[in-house]
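Have a look at the structure below before the remarks.
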Amino acid sequence: MRNLELAEIFDRIADMLEIKGENPFKVRAYRKVVLTLESLPEDIERIYERGRLKNIPGVGEGSAKKIEELLKTGKLAYYEELKESLPEGLVEMLSVPDVGPKTAQLLYKKLGIESIDEMEKAAKGGKIKGLEGMGEKTEENILRGVELLRRRTGRMLLGTAYQMSQSIIERLTTMDEVELISPAGSLRRMKETVGDIDILITSKKPKPVMDIFVNLPEVTQVLAHGDTKSSVIMENRVQVDVRVVESGSFGAALQYFTGSKQHNIKIREIAGKNGLKVNEYGVFRGKKKIAGKEEEEVYLSIGLSHIPPELREDRGEVESALKGKLPELVELSDIKGDMHVHSSWSDGVDTIPELAESAKKLGYGYIAICDHSASLKVAGGLSRERRLKQIAEIKKLNKKMADFRILAGGEIDIRTDGTLDCEEEVLKKLDIVVAAIHTGFKQDIETMTSRIIKAMRNKFVNVIAHPTGRLIQTRDPYQVDMQKVFTEAKRTNTFLELNSFPDRLDLNDINCREAKAHGIKIALGTDCHNRMQMEVMRYGVGTARRGWLEKKDVINCLELDDLLKLLAKKRK
DNA sequence: GCCGTTTTCGGCCCGACTGTTTTCAGTCG
């Protein structure tokens with residue numbers, strides 16, 4: 001996938017143009033291309049071959065030519081020229097908090113500073129404070145920024161951010177001054193990784209709320225402490241931003257604070273065209289406030305239907321909302337069962353009855369026990385004998401269950417040649433077969449693609465588990481032509497999993513949307529290895545929503561009988 | 001650099017906090 005490489009180059013160009021003091025809107029145009037490239041469901045090379053570059057929103061004449069040059073020659077003259085004109089380390093300086101293009105340029109011009117290290121040295125030596133607009137505090141902030149950058153943890157997994165925010169929210173909620181409180185930002189949008197945690201509060205007395213917040217025991221640094229806005233660094237190095245508004249502005253503030261930035265820009269542009277102004281306090285016609293208390297009325301007042309947070313990435317949701325054609329996104333309460341659960345028969349912790357009991361408490365009507373197959377020895381994969389024994393055991397348990405069904409399933413390895421690690425005679429006895437790749441991740445794209453396709457052509461295979469094999473921030477997806485996988489999945493009536501575990505979320509949001517476009521249905525499973533982990537379903541649902549999925553796109557939104565009918569279809 | 005039921009030129013979201021300043025620029029989200 002060259003999309004990300006190209007995105008990186010456009011991002012560097014934007015950085016360099018910023019330092020050079022170019023027109024900020026030009027910089028914004030480049031940034032927009034970056035975001036677009038990052039969220040394309042298809043390889044940019046294919047789009048280019050079809051001559052459709054300029055159909056990509058945000059890509060005009062200039063960018064299309066640059067993309068073409070990069071694809072054809074592997075280089076971009078404009079980019080090389082820019083790099084020639086600026087020292088290499090200057091761009092890196094922008095990654096230091098509180099150091100922006102203006103500061104970097106000033107330090108370069110006046111002091112010849114070309115890198116973070118040189119900047120740190122100058123600040124320590126008191127060389128910066130003499131410059132125009134620079135004082136002692138500036139030097140302190142630069143040193144602090146460098147320190148922060150060096151200790152930065154990067155983005156955290158959605159699951160981590162969710163739990164952290166819950167812990168903070170729980171404690172702030174106990175204050176009398178706190179009325180409403182909600183997570184915002186990329187966490188509320190359920191993005192797979194989260195940088196900072198954003199929390200919005202309504203209160204008539206913001207000051208004491210802020211004082212309590214910046215003095216929470218795990219706060220190690222206060223970056224900003226205002227009456228309505230504060231930022232801190234926690235001991236786990238995560239930045240948390242809190243914003244307080246009055247309750248009449250809750251909806252507008254939540255809208256603003258949830259983002260994404262690109263989405264908000266578009267919203268405000270549309271409002272502007274209708275003679276309205278949107279800010280975090282409300283929607284205004286002249287001085288008159290016409291909306292603000294509820295988020296929904298903010299959207300309605302500018303002529304849009306309410307856009308769910310998970311869609312707010314400027315990926316066409318605003319256009320859909322204008323036409324009143326937003327999808328009715330799947331909800332956690334639509335989920336009738338967990339399609340991927342491990343028991344103590346393989347590498348799980350809990351017994352099958354324990355898992356069933358927990359699932360019932362979640363309001364589910366069924367779960368699919370999908371223990372590993374024999375060749376996955378590290379995970380205690382089930383031999384033929386034990387598999388048959390487990391199937392019998394499940395049958396017995398089901399007889400004792402009222403209004404609940406345990407599905408006998410298996411997470412069966414797809415061997416490197418595409419055959420399955422289980423005899424047909426056994427597969428036949430399972431209610432659901434989930435096939436997965438756990439070995440040979442490094443195969444080339446042709447081999448891997450035909451391997452998965454071969455598995456899908458097996459009539460017993462209902463679902464391909466974690467179809468790209470990625471582990472977020474740990475392992476890249478294996479090389480596979482997803483377009484071919486989608487086409488074949490549709491043809492063979494095979495479903496694709498959205499694995500809900502926070503470090504997988506595989507398929508990701510973009511692939512979910514593309515799968516839906518191919519008419520493929522998704523199976524939501526947690527891949528849990530103990531019953532507590534069943535709650536990670538919320539992250540899977542969040543990702544599904546980011547992928548524009550509706551109830552009808554997810555097979556485990558079906559009642560048991562309909563699900564069984566659907567699964568049986570392929571075997572005929 | 002992109003874009004067009006106002007436009008092929010002239011716009012392009014909006015405000016809080018900070019620090020260095022006597023009114024604002026830079027940075028960030």
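Below, read A as the first sequence line, B as the second, and so on, with proteins coming before strands; counting in each chain starts at 1.
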**Item:** Residue whose closest nucleotide on DNA chain B lies nearer the 5' end, A:A104 versus A:G58
**Value:** A:G58

**Message:** Rounding to an integer number of angstrom, what distance separates B:dT5 and B:dG1 when you compare their C1' atoms?
**Reply:** 24 Å

**Asked** Should A:K54 and A:E68 count as an ion pair when the cut-off is N to O under 4.0 Å?
**Response** no

**Message:** Please report the distance separating the P of B:dC14 from the corresponding atom of B:dT20, rounded so that it comes out in whole Å.
**Reply:** 30 Å

**Request:** In whole angstrom, give the distance that lies between atom OH of A:Y79 and atom P of B:dG1.
**Result:** 17 Å

**Asked** Between A:R189 and A:D198, is the closest basic N to carboxylate O distance under 4.0 Å?
**Response** no

**Asked** Expressed as a whole number of Å, how far does the C1' atom of B:dT23 sit from that of B:dG29?
**Response** 24 Å

**Complete:** Closest heavy-atom pair, A:N508 versus A:T543, reported as atoms and distance to 0.1 Å, is C-CG2, 4.0 Å

**Message:** Using whole Å, what does the distance between atom P of nucleotide B:dT27 and atom CD1 of A:I142 come to?
**Reply:** 10 Å

**Item:** Whole-angstrom distance between B:dC2 and B:dT6, as gauged at atom P
**Value:** 23 Å

**Prompt:** Are the side chains of A:M16 and A:Y79 in touch, meaning some heavy atoms are under 4.5 Å apart?
**Reply:** yes

**Prompt:** Of the candidate nucleotides B:dT20, B:dC2, B:dG26, which contains the atom at the shortest distance from the side chain of A:T103?
**Reply:** B:dG26

**Asked** Base, sugar-phosphate alone, or nothing: which one does A:P24 contact when heavy atoms must sit under 4.0 Å apart?
**Response** nothing

**Asked** For A:H263 and B:dG29, what is the distance between atoms NE2 and P respectively, to the nearest whole Å?
**Response** 19 Å

**Request:** Give one of base, sugar-phosphate or nothing for A:K129, where a contact means two heavy atoms less than 4.0 Å apart.
**Result:** nothing

**Complete:** To the nearest angstrom, the CG-P distance between A:D314 and B:dG29 comes to 19 Å

**Assigned partner base of B:dC14, Watson-Crick or wobble definition, under 3.5 Å** = B:dG29

**Request:** Determine, for A:Y78 and A:K66, whether the Lys NZ or Arg CZ falls below 6.0 Å from the six-membered ring centre while staying within 45 degrees of the axis.
**Result:** yes

**Asked** To the nearest Å, how far apart are A:Q262 CD and B:dG29 C1'?
**Response** 13 Å

**Request:** Mind calculating the distance between CG (A:L149) and C1' (B:dT27) to the nearest angstrom?
**Result:** 16 Å

**Fill in**
The answer to which of A:P101 and A:L131 contacts DNA chain B further toward the 5' end, by nearest nucleotide, is A:L131

**Asked** Whole Å only: how far is the CG atom of A:L106 from the C1' atom of B:dG26?
**Response** 11 Å

**Message:** Under 4.0 Å, heavy atoms only, any strand: does A:V33 hit a base, just the sugar-phosphate, or nothing?
**Reply:** nothing

**Message:** Under a 3.5 Å distance rule, please check whether A:D503 uses its side chain to pair with a backbone N or O of A:I472 as donor and acceptor.
**Reply:** no

N/O to N/O distances under 3.5 Å, protein versus nucleotides 8-18 of chain B:
{"from": "B:dC12", "atom 1": "O3'", "to": "A:E269", "atom 2": "OE2", "distance (Å)": "3.2"}
{"from": "B:dC13", "atom 1": "OP1", "to": "A:R28", "atom 2": "NH1", "distance (Å)": "2.6"}
{"from": "B:dC13", "atom 1": "OP2", "to": "A:R28", "atom 2": "NH1", "distance (Å)": "2.6"}
{"from": "B:dC13", "atom 1": "OP2", "to": "A:R28", "atom 2": "NH2", "distance (Å)": "2.9"}
{"from": "B:dC13", "atom 1": "OP2", "to": "A:E269", "atom 2": "OE2", "distance (Å)": "3.0"}
{"from": "B:dC13", "atom 1": "O2", "to": "A:R268", "atom 2": "NH1", "distance (Å)": "2.6"}
{"from": "B:dC14", "atom 1": "O4'", "to": "A:R268", "atom 2": "NH1", "distance (Å)": "2.9"}
{"from": "B:dG15", "atom 1": "OP1", "to": "A:K277", "atom 2": "NZ", "distance (Å)": "3.0"}
{"from": "B:dG15", "atom 1": "OP1", "to": "A:N279", "atom 2": "ND2", "distance (Å)": "3.1"}
{"from": "B:dA16", "atom 1": "OP1", "to": "A:Y281", "atom 2": "OH", "distance (Å)": "2.7"}
{"from": "B:dA16", "atom 1": "O3'", "to": "A:T228", "atom 2": "OG1", "distance (Å)": "3.3"}
{"from": "B:dC17", "atom 1": "OP1", "to": "A:D227", "atom 2": "N", "distance (Å)": "3.4"}
{"from": "B:dC17", "atom 1": "OP1", "to": "A:T228", "atom 2": "N", "distance (Å)": "3.1"}
{"from": "B:dC17", "atom 1": "OP1", "to": "A:T228", "atom 2": "OG1", "distance (Å)": "3.1"}
{"from": "B:dC17", "atom 1": "OP1", "to": "A:K229", "atom 2": "N", "distance (Å)": "3.0"}
{"from": "B:dT18", "atom 1": "OP1", "to": "A:H225", "atom 2": "N", "distance (Å)": "2.8"}

**Item:** Passing option when A:D509 is tested against A:R315, A:K191, A:K516 for salt bridge (Lys or Arg N to Asp or Glu O under 4.0 Å)
**Value:** A:R315

**Request:** Look at all strands and tell whether A:E132 reaches a base, only sugar-phosphate, or nothing, counting heavy atoms closer than 4.0 Å.
**Result:** nothing

**Message:** Using atom C1' in both nucleotides, what's the gap between B:dT21 and B:dG26 to the nearest angstrom?
**Reply:** 13 Å

**Message:** Tell me the interatomic distance from A:R31, atom CZ, to B:dT27, atom P, rounded to whole angstroms.
**Reply:** 13 Å

**Request:** Please work out which of the three classes, parallel, tilted or perpendicular, describes the rings of A:Y162 and A:Y539, given edges at 30° and 60°.
**Result:** perpendicular

